[in-house]
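Here is the structure we will look at, set down as C-alpha cells.
To find a chain, count down the sequence lines: A is the first, B the second, and so on, and within it residues start at 1. All heavy atoms count here, side chains included; hydrogens, waters and symmetry mates do not. Predicted model only: the values in this text are computed from it and were never measured.
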Amino acid sequence: MEEQLAELAAQVAALEGRGALTNTMFAEMFYYITIPLMIIIHAGFLAYEMGASRAKNALSSGVKNILAFAFVIPAFYFFGWWVYWGLPQGFSGAAGPNGLSGAEFANSIAWGWGESAAFMGPNLSDQISGVFWGAFTLFAATTASIMSGAVIERIQTVGFVILAIVLGGFSWTLAAAWGWHADGWLVLNWGVHDFGAAGLVHAVAAFFALGVLINLGPRIGKFNADGSANDLPGHNMPFTATGLMLIIVGFWGFLMACVVVGGEAWSWGANYATIYGTPITLGALAFNILMSIAGGIIGAWIYTKDPFWMMSGALAGIISAASGLDIYFPALAFIVAFGAGVILKPCASILERMGIDDAVGAVTVHGTIGIYGMLMLGIVGSGYPAALGEGAATVSLVGQLVGAVVFIAIGLITGYASSLVLRMLGMLRVPESAEIAGLDTVKVPAQAYPEGIPASAPAAE
Amino acid sequence: MFGFPFDNGGTWDGVEGAVFMGAGGGAGTYTFIAIAICIAALVIGQMGEASKYSKHK
C-alpha cells in the first residue's frame with residue numbers, strides 16, 4: 001500500500017511538473033508570437049508611408065522607416081528596457097510598492113553588462129525576459145513608425161533616426177513606466193487606465209511628432225502665402241490603404257502583448273491579467289477590437305467617403321477604445337469608435353489650418369484620438385479599480401485627464417527639444433533644392449519605378 | 001450603464017462573470033444605439049450615393 005501511494009505521489013508530481021512546463025512554454029510562445037504579428041505593423045507603416053509620398057520620395061520614405069525600426073531595437077536593448085523598470089516612481093529611481101521597479105531593480109535585470117546581463121541574453125532558467133523584452137521593443141518601434149509618417153518628404157535621414165531613438169528608447173518608455181506599470185505613479189495615485197496604450201504609445205508618439213513638425217516646418221508647396229493649404233497627394237493610394245489594413249492586422253499582436261499570461265512566478269495569478277494586474281480575457285479583445293474597427297470605419301465613411309480616411313478610421317476606432325478594451329461592452333466600444341471616425345477628418349483639418357503639415361494625419365489619428373479614447377474611458381469607465389487589492393485608485397475622468405496631460409507633455413517636450421537641437425546642428429531638414437528635386441534621386445541608389453507603371457503585355461491566346 | 005457594475009467597495013476581489021460597463025442591466029441600451037447608428041449610416045450613405053447618381057440619369 002505504501003509503495004502504491006509513493007508511486008502515485010511520484011506520478012502526480014511528474015504530472016504537475018509537465019503541467020508547469022507546458023504553461024511556461026505557452027507563456028513564452030504567447031509573447032513570441034506577438035513579435036512577428038507586430039512586425040506586420042511595420043510592413044503596414046512601410047507601405048503606408050511610401051504610398052503617401054510623392055513618387056520622387058517613395059524610396060527615401062521607405063529607407064527612413066526601415067532605419068527607424070533597425071535603430072530603435074538596439075536602443076531599447078541598450079537603455080529603453082532600463083527606463084521602463086527603473087523609473088515608474090519618477091526620476092528618483094525609487095522602488096515601488098509592488099517591488100517590481102526602481103533603479104536598483106532595473107540595474108539587476110535590464111543592463112546588457114554585469115550580472116544583469118544574465119537576463120538580457122539566452123538563459124535556460126529564464127523563458128520570459130527575452131520574449132517580453134521583444135514585445136516591448138516592438139511597442140517602441142511602433143512609436144517611431146507613428147512619428148515617421150508625419151515628417152516624410154523633407155526630413156534628414158540621420159536626424160530622423162536620432163529622433164526615433166529618443167522617442168522609442170526614452171519618451172514612450174517613460175510614459176509606460178509611469179502609466180503602464182503596476183508601480184507607476186500615475187496608476188497608483190491617479191488610477192490611470194490605458195490598457196491598450198492609446199495615450200502612452202499613440203498619443204506620446206503623435207505629440208512627439210507634433211513637437212518635431214513645429215521645428216521641421218511644412219513641405220514646400222503645402223501652404224500658400226495667404227495660409228491656405230494645398231493637397232499634396234501621395235503617389236499610390238491603394239498602397240497606402242493596404243498598408244493601413246496591415247497595421248490593423250498587426251495591432252492584434254500589439255494588443256495581445258498587452259496581456260499578462262497567468263500561472264507563472266511573474267504572473268498576477270492563475271489567469272490572464274492586464275499589465276496592471278486587473279482581470280481580462282482574450283474574448284474581451286476579440287469582441288471590442290472588431291467592434292471598434294467597424295465603428296471607426298463607418299464613422300469615417302459617413303463623413304468623408306474617402307478610403308484613406310476610412311482605413312484611418314479603422315485605426316482610430318481601435319485607438320479610441322484601446323484604453324478600455326478589457327472592460328468595454330462591445331456595442332459601447334462601437335459607439336466610442338464611431339465618434340472617433342466622425343471627428344477624425346475635422347480634427348485633421350483644424351491642425352492643417354494651424355499651419356502644421358502632418359503628411360499622413362498621424363497627429364490626429366494617434367494623438368487626438370488617443371486622448372479622446374483616454375477621456376472617454378474616464379467618463380464611461382469611472383469607478384473601475386485601476387489595480388488589484390483593496391484601496392486601489394479607481395478610474396476617473398480627472399485621473400485620465402491627468403494621465404493625458406502628462407503623456408502629451410512627455411511627447412511634445414521631448415519631441416520639440418530634440419528636434420530643436422537637431423535643427424540648430426543643421427541635421428533636421430533637407431536643403432530646399434534637394435526637396436524640390438526629390439529625395440530618391442538625391443540619395444537613394446535605387447529607382448522606385450524604373451519602367452514607370454506601364455500597361456502589361458497582352459494576354460496569351 | 002456607466003462605471004463599475006459591482007458594489008463591493010471598489011475592488012476586483014471576488015468579482016466573477018461579466019465585468020463590462022452595463023453588466024447586469026443597461027448593456028442592451030448600447031446595443032440598440034449601435035444598431036441605430038448602423039441603420040442611420042446606411043440611410044445617410046444611400047442618400048449621398050443617390051445624389052451622385054442623379055447626375056447620370
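Within a 6.0 Å radius of OH in A:Y272, more than 12 heavy atoms belonging to other residues, nucleotides or ligands are found. More than 12 non-hydrogen atoms from other residues, nucleotides or ligands lie less than 6.0 angstrom from CH2 of A:W178. Other residues, nucleotides and ligands contribute at most 12 non-hydrogen atoms within 6.0 Å of the CE atom of A:M245.
Heavy-atom distances place no part of A:I280 under 4.5 Å from chain B, backbone and side chain included. Only the backbone of A:A387 comes within contact range of chain B, with heavy atoms under 4.5 Å apart. With a 4.5 angstrom heavy-atom cutoff, A:F338 touches chain B only via side-chain atoms. Looking at A:I302, only its side chain comes within 4.5 Å of chain B, counting heavy atoms on both sides. Interface residue A:I327: backbone and side-chain heavy atoms are both found under 4.5 Å from chain B.
In this structure, B:F4 and A:T394 have side chains that are not in contact, with every pair of non-hydrogen atoms separated by 4.5 Å or more. Within the 4.5 Å cutoff, the side chain of B:T31 has heavy atoms near those of the A:F329 side chain.
Rounded to the nearest 0.5 Å, atoms CD1 (B:I35) and CZ (A:F334) are 10.0 Å apart. Here the CD1 atom belonging to B:I37 is positioned 5.0 Å from the CD1 atom belonging to A:I335, to the nearest 0.5 angstrom. Atom CD1 of B:I33 sits about 8.5 Å away from atom CG of A:L332, to the nearest 0.5 Å.
Most heavy-atom pairs under 4.5 Å with chain A: of the set B:G48, B:G22, B:A27, B:G10, this distinction falls to B:A27. Counting heavy-atom pairs under 4.5 Å between each of A:A284, A:G391, A:A331, A:A386 and chain B puts A:A331 at the top. Highest contact tally toward chain B, considering only A:G324, A:G381, A:G299, is held by A:G381 [criterion: heavy-atom pairs under 4.5 Å].
Judged purely by atom type and a 3.5 angstrom limit, B:W12 has no side-chain atom pairing as donor or acceptor with the backbone of A:P279. Side-chain atoms of A:Y384 come within 3.5 Å of backbone atoms of B:M21 as a donor-acceptor pair (strictly under, hydrogens ignored).
Nearest heavy-atom pair, A:D326 versus B:V19, reported as atom, atom and distance to 0.1 Å: O-CG2, 4.4 Å.
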